[in-house]
Protein chains: 2
Amino acid sequence: MLTERQLEVVFSVVYEYIRTGEPAGSRTISKKYLRGCSPATIRNEMADLEEMGYFYQPHTSAGRLPTSKAYRLYVDAIMQRRRTAPAETEEWRRSIRESRQGIESILAYISRLLGQATNCVGVAALSALEEVQIQRVSFLRLGGNTVLLLLVLDGGLVHHSNISLPCELSQDTLDELGRRITTIAEGHQWSEVRDVLLRYVFEGLERMWDSCREAIVQMDALLNRRRSRLFVGGAQHILSLPDFQDIGKFQTVLSLLEQEHALADMVERYSVKDGVSVTIGDENAEAGMEQLSLLLSPSSGSGARAILGLIGPLRMDYEKSISILEALAEDLDDVLVQ
Amino acid sequence: MLTERQLEVVFSVVYEYIRTGEPAGSRTISKKYLRGCSPATIRNEMADLEEMGYFYQPHTSAGRLPTSKAYRLYVDAIMQRRRTAPAETEEWRRSIRESRQGIESILAYISRLLGQATNCVGVAALSALEEVQIQRVSFLRLGGNTVLLLLVLDGGLVHHSNISLPCELSQDTLDELGRRITTIAEGHQWSEVRDVLLRYVFEGLERMWDSCREAIVQMDALLNRRRSRLFVGGAQHILSLPDFQDIGKFQTVLSLLEQEHALADMVERYSVKDGVSVTIGDENAEAGMEQLSLLLSPSSGSGARAILGLIGPLRMDYEKSISILEALAEDLDDVLVQ
DNA sequence: GTTGGCACTCGTGTCGATAGAGTGCTAACG
DNA sequence: CGTTAGCACTCTATCGACACGAGTGCCAAC
């Protein structure tokens with residue numbers, strides 16, 4: 001267990017490093033944060049804390065840098081405290097409401113806002129579509145066996161996908177199929193009606209059983225897939241951070257962001273039911289995330305489930321980032337509830 | 001007018017610089033490209049050509065670098081020649097066909113392919129929607145005056161947008177409105193039927209005249225807007241080029257790519273009716289493009305009009321880039337025609 | 001337990017010398 | 001008159017030497 005003063009030293013080093021980006025030396029800490037102690041005292045504490053795994057030195061004659069263990073301590077302390085909402089909250093809320101063009105463009109917009117406000121990469125994931133109420137289902141013949149499946153979900157969320165059916169159906173048949181599915185599914189979640197649909201929809205359409213079944217299966221695939229729809233925004237802002245002046249580090253981030261599927265999986269995996277979750281550096285098992293932190297906050301609004309997140313350097317301003325993320329998640333809740 | 005030898009010198013310098021990224025000196029040119037002439041002769045030619053604006057020197061004791069004027073000469077010569085299609089063409093065509101999930105995801109995919117194959121930034125724009133045949137129009141009540149406008153165009157292209165109508169309409173009325181518009185517009189281009197719609201659709205719906213009119217106006221806005229839908233892909237690849245090792249240069253490119261609207265406008269503005277257009281450095285009036293080249297190729301397939309493009313450094317491998325762009329534009333044609 | 005002093009380490013920035021690449025100019029050559 | 005060889009000149013990049021400063025670890029004194 002750490003003493004009170006040791007805690008203060010850890011917090012000071014983390015805070016100082018986050019502020020300046022430079023390794024923190026004993027002199028600085030003594031002068032700025034712990035006036036009661038001389039640099040020598042701090043040096044002793046630092047040596048102990050380094051042994052305990054809270055700090056490391058890039059080279060012998062440099063100050064100390066925090067390890068993930070130190071960041072963890074720091075972040076946990078922040079999470080205890082009450083945070084003040086950022087001043088721009090109202091402005092954001094207004095601009096989100098104004099830009100309301102369906103949830104997808106809202107999420108794209110919020111991911112950009114997140115990136116811009118924090119100088120991190122903003123992400124927004126939309127998932128658990130099978131829990132969203134269905135409003136309408138249509139099929140449109142595109143030619144041959146190819147059919148456009150058009151799904152309108154609660155809140156104006158539109159999904160569409162080209163599907164192939166085992167045999168060619170006329171547009172009239174497809175309309176009939178769409179009407180029947182809509183009648184049954186309207187106002188319900190997909191998970192509630194999937195099995196019903198598979199059993200009852202097709203009275204009078206027995207000849208097309210195979211095709212109808214295939215259509216339902218494809219809908220299921222569309223709605224039920226693990227993959228969330230992912231929006232990434234504001235990647236350019238992290239270039240202004242000194243941490244990414246090195247082109248190699250930035251490239252790591254970029255190639256991470258390119259792998260949309262892996263990223264979406266990670267977002268799903270590391271988010272918690274409610275409240276902000278912070279995953280620091282090597283706490284994250286994902287390759288490439290060793291030097292990055294991941295902040296996630298689910299949006300608990302009705303309708304679609306969304307997760308907002310931030311990806312940034314270990315030494316991001318956690319306090320600011322967390323409160324911005326919280327504020328925007330709340331804004332999103334409001335918009336989703338309508 | 002340039003002599004035969006002067007042309008050769010210009011081509012050699014451009015080619016050598018594209019190959020190595022280093023300023024080309026008289027010795028190198030004499031030894032590699034113009035064995036018949038001594039370095040001294042080349043020096044004389046180079047001095048003349050510099051005066052004519054084809055070269056410049058970063059400093060007195062360095063070799064020559066090509067100006068846009070020299071690149072232009074080089075590219076024009078390439079465009080004359082017959083180009084061989086890249087070996088991967090068949091593979092690309094297959095993977096595009098396999099990934100067919102509507103034109104938008106195809107374009108996103110192609111933009112990534114472009115970036116990957118050329119180490120430039122790939123772009124793909126979708127425009128001139130008003131020339132695409134309409135397949136179906138639906139309206140869905142989302143609550144209050146807000147209505148989801150759903151437009152299915154030829155080729156499975158889906159567009160949707162939340163619109164606000166002056167007064168609240170029932171879903172039945174909206175269905176009726178959608179049906180009428182679909183009947184008239186189906187199989188026609190929007191530009192052909194817009195005026196007809198504004199005049200005739202509303203018999204029997206006179207009470208809702210204002211709302212119907214507004215709906216049409218909003219459709220018009222959606223289809224007729226100048227803005228193309230733009231896909232940018234593979235931006236991370238240019239980081240592997242020596243030209244963008246400098247973080248500042250890369251940031252220029254990134255901030256350019258962020259301005260989607262300006263970029264879309266530029267793509268529209270600089271593309272030509274058919275064939276590849278090459279805009280080199282300061283030939284492009286757009287701010288930030290001084291050190292970049294823009295290659296564009298329209299896709300002439302029926303249905304939606306698409307433009308594929310590449311943004312890369314001045315010293316990109318024009319020959320390879322042009323043939324890759326041509327090949328992928330052709331692949332896209334095939335897919336669009338179906 | 002805390003502190004001041006001191007020797008030691010290591011990275012950074014500066015200076016000067018050097019090597020190398022490339023030019024421009026001039027004079028000679030065919 | 002065009003071409004070429006030779007030569008002096010310029011500019012950059014690189015390398016080693018060196019001083020400087022920040023920071024540590026350790027020890028002895030308080």
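Here is how names work: the chains are called A, B, and so on, in the same order as the sequence lines, proteins then strands, and each is numbered from 1.
- A donor-acceptor pair shorter than 3.5 Å can be found between the side chains of Tyr33(B) and Glu16(B).
- Atom CD1 in Ile29(A) sits about 16 Å away from atom P in dA22(D), given to the nearest Å.
- Out of dC11(D), dT3(D), dT3(C), the shortest distance to the side chain of Cys37(A) is found at dT3(C).
- One interatomic measurement links the two molecules: CG of Asn44(A) to C1' of dG25(D), which rounds to 9 Å at whole-angstrom precision.
- Residue Arg5(A) has a polar side-chain atom (N or O) positioned under 4.0 Å from OP1 or OP2 of dT2(C).
- If you measure from atom CZ of Arg27(A) to atom C1' of dT24(D), you get 14 Å, rounded to the nearest angstrom.
- A salt bridge links Arg315(A) with Asp243(A): the distance from a Lys NZ or Arg NE/NH1/NH2 to an Asp or Glu carboxylate oxygen falls below 4.0 Å.
- Here the nucleotide nearest the side chain of Arg64(A), chosen from dT23(C), dT10(D), dT24(D), is dT24(D).
- We find that CD of Glu45(A) is positioned 11 Å from P of dT3(C), with the value rounded to whole Å.
- In this structure, Thr60(A) reaches the dC10(C) phosphate: one of its side-chain N or O atoms is under 4.0 Å from OP1 or OP2.
- By the 6.0 Å and 45° rule, Lys249(B) does not stack over the aromatic ring of Phe244(B).
- When rounded to the nearest whole Å, the span between NZ of Lys31(A) and P of dG4(C) equals 14 Å.
- In this structure, CD1 of Ile42(B) is placed 13 Å from C1' of dG2(D), rounded to the nearest angstrom.
- Evaluation of atom-type donor-acceptor distances gives a pair under 3.5 Å for the side chain of Arg43(B) against the base of dG6(D).
- Among the nucleotides dT3(D), dT9(C), dC11(D), the one closest to the side chain of Ser61(A) is dT9(C).
- Across the interface with DNA chain D, nearest-nucleotide mapping of Pro39(B) and Gly25(A) shows Pro39(B) to be the residue nearer the 5′ end.
- Following rounding to the nearest Å, Leu65(A) (CG) and dG11(C) (P) show an atom-to-atom distance of 13 Å.
- Of the candidates dT3(D), dC11(D), dG24(C), dC11(D) carries the atom nearest the His59(B) side chain, counting heavy atoms from C-beta on.
- Ring pair Tyr71(A)/Tyr318(A) is tilted by interplanar angle, where 30° to 60° counts as tilted.
- Comparing dG25(D), dC10(C), dT3(C) by their nearest atom to the side chain of Thr41(A) picks out dT3(C).
- Looking at Ser68(B) and Asp282(B), their side chains do bring a donor and an acceptor atom within 3.5 Å of each other.
- Ala62(B) comes within 4.0 angstrom of sugar-phosphate atoms only, judged by non-hydrogen atoms across all strands, and of no base.
- Across dT23(C), dT24(D), dT3(D), the shortest atom-to-atom separation from the side chain of Met46(A) is found for dT24(D).
- Among dT3(C), dC11(D), dA5(D), the nucleotide with an atom closest to any side-chain atom of Ser38(B) is dA5(D).
- Here dT24(D) presents its C1' atom at 14 Å from CZ of Phe55(A), a figure rounded to the nearest Å.
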